[in-house]
Amino acid sequence: MLGIYDFFSGVISNLRTFGVRDLVDILVISFAFYELFLFARKSRAGQLVRGLMLALVCFALAYLFELRTVRWLLNNFLQVGFIAAVVLFQPELRRTLERLGQSANWTGRLFSIRRTDPSLRAVWQSAVVAICDAAEQLSDTRTGALMVLERNNNLDEIIRTGTPLSANVIPEMLGTIFYEGTPLHDGAVVIRDGRIVAAGCVLPLSNNLEMGKDMGTRHRAGLGMSENSDAVVIVVSEETGIISLAKNGVLIRRLDRQNLFNLLQEEIIPPESEEEQKTPVWSRLFGKGGAVKHAVQQKEN
């Protein structure tokens, strides 16, 4: 009982000196545990993660009630368990670090100048219309399709698994590629800067256990691609003709042409104001007259 009294006495004394730094410290730890719980839910090794969390709780209780033998056993178990977790979670940890690198892309946009071809917006607009038309036609004929639209992350590794192409995105081209009798129909098409750059590509499969039984390898490949990159993936089911879109590890199903067009217009087509994008963010915010000029432009529009 003396240990419990000392514990609560320490908590009360710490609360008296509680400051802003302590609040930030708690928020950081809370966020880390929140991400760990999300990782446990989505990971195929989620049961093992929950087991490790239970072991940590038991260790805390053993320390609180001064159970020396239990604490010694759990202490040795956790030391070995940490190394085992790194080995067991190697694919998941790699994906997590890759996603962390993707989320750091904002630093490049903050301090660098983005050089975008002025004609790229028009090319993507034409490509999006063709993709939506092709998806609708493929859905009507129950023809399976898998289209990967590259964004910021380079997909050269995926492109190398397929057959290189250089073709405009038109419904006839996509229909020919995914026609059941062609050699490339069983893989994915990669579209970069509004052009088809490869077909018959192999995509990484998702390990998501929450996918429905009516979704096959195409859906698992499309979801896996969106988990491993920031690409937008369009999937047309061969069995049902349902059109789906995968992005950021989320699969949006049962889309019609208009809904698909709206999503692609938001995710893929570059913004209209190219001149503003060519200026670094810090320059637009703190440059001479930058904020005033932006406000005037907004008012005029």
Side-chain angles (χ1 to χ4, degrees), residues 38-39 42-44 89-105 124 127-128 130-132 134-135 138-139 143-165 167 169 173-174 177-178 184-212 214-240 242-255 259-260 263-269:
L38 289 182
F39 175 72
K42 296 178 181 180
S43 171
R44 62 179 175 178
F89 296 155
Q90 188 271 334
E92 286 82 2
L93 289 172
R94 178 183 175 184
R95 276 201 297 271
T96 302
L97 293 175
E98 287 176 348
R99 296 298 291 272
L100 181 63
Q102 294 166 19
S103 63
N105 286 336
W124 267 120
V128 164
I131 290 169
C132 293
L138 294 168
S139 175
T143 303
L146 196 54
M147 294 173 270
V148 180
L149 281 59
E150 184 187 68
R151 294 202 285 185
N152 292 321
N153 295 150
N154 189 284
L155 301 181
D156 282 343
E157 289 187 11
I158 301 299
I159 292 172
R160 281 194 288 268
T161 65
T163 301
L165 296 175
V169 181
M173 174 62 70
L174 293 173
I177 291 174
F178 291 115
L184 302 176
H185 81 282
D186 215 16
V189 161
V190 177
I191 300 174
R192 169 186 290 170
D193 294 338
R195 289 182 58 82
I196 300 174
V197 295
C201 299
V202 179
L203 305 184
L205 299 181
S206 172
N207 294 317
N208 192 332
L209 300 178
E210 297 179 1
M211 294 185 66
D214 59 331
M215 291 182 284
T217 306
R218 275 194 183 88
H219 294 87
R220 195 168 291 278
L223 189 61
M225 188 73 250
S226 70
E227 290 172 348
N228 287 274
S229 72
D230 67 343
V232 173
V233 187
I234 301 162
V235 185
V236 180
S237 174
E238 185 176 359
E239 289 78 16
T240 62
I242 293 175
I243 302 173
S244 305
L245 183 143
K247 66 168 185 174
N248 300 328
V250 177
L251 190 66
I252 306 172
R253 303 199 66 203
R254 302 185 185 280
L255 298 173
N259 290 332
L260 178 62
L263 288 171
L264 292 181
Q265 192 173 35
E266 180 181 351
E267 298 289 339
I268 297 297
I269 298 179

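- Looking only at side-chain heavy atoms (C-beta outward), Phe178 and Leu184 stay at 4.5 Å or farther from each other.
- Side chains of Ile269 and Leu264 form no contact here, defined as non-hydrogen atoms less than 4.5 Å apart.
- For the pair Met211 and Asn208, the minimum side-chain heavy-atom distance is below 4.5 Å.
- Leu155 CG to Ser229 OG: the interatomic distance, rounded to the nearest 0.5 Å, is 5.0 Å.
- Smallest separation of non-hydrogen atoms from Val169 and Ala130: O-CB, 3.2 Å.
- Atom CD1 of Ile191 is separated from atom CD1 of Ile234 by 7.0 Å, given to the nearest 0.5 angstrom.
- When all heavy atoms are compared, the tightest approach of Val148 to Ala188 is CG2-CB, 4.2 Å.
- Checking side-chain atoms of Thr161 against main-chain N and O of Ile158 turns up a donor-acceptor pair under 3.5 Å.
- Nearest heavy atom pair, residue Met173 against residue Ala167, reads CE-CB, 3.9 Å.
- Atoms CG and OG, on Asn228 and Ser206 in that order, are 8.5 Å from each other to the nearest 0.5 Å.
- Here CD of Glu238 is found 7.0 Å from NE2 of His185. Values are rounded to the nearest 0.5 Å.
- Within the 4.5 Å cutoff, the side chain of Lys247 has no heavy atoms near those of the Val233 side chain.
- Residues Leu251 and Ala246 approach most closely at CD1-CB, 3.7 Å, considering heavy atoms.
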Verdict with reasoning, Arg218 to Ser237, per side chain to side chain contact (heavy atoms under 4.5 Å, CB included): CA-CA 8 Å; Arg218 275 194 183 88; Ser237 174; over 6 Å; no
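- Residue Cys132 holds its SG atom at 4.0 Å from CG of Leu260, rounded to the nearest 0.5 Å.
- Arg192 meets the salt bridge (charged side-chain N to carboxylate O under 4.0 Å, His left out) test with Glu150, Asp156; sequence neighbours excluded.
- Residues Val235 and Met215 are not in side-chain contact: their nearest non-hydrogen atoms beyond the backbone lie 4.5 Å or more apart.
- Every side-chain contact (heavy atoms from CB on, under 4.5 Å) that Leu165 has, sequence neighbours left out, goes to Ile177, Ile196, Ala199.
- Contact of the Leu149 side chain with the Ile131 side chain is registered, since non-hydrogen atoms from C-beta on lie closer than 4.5 Å.
- Within the model, atoms CG of Leu146 and OG of Ser244 stand 10.5 Å from one another, a figure rounded to the nearest 0.5 Å.
- The salt bridge (charged side-chain N to carboxylate O under 4.0 Å, His left out) search around Arg151 returns Glu267, not counting sequence neighbours.
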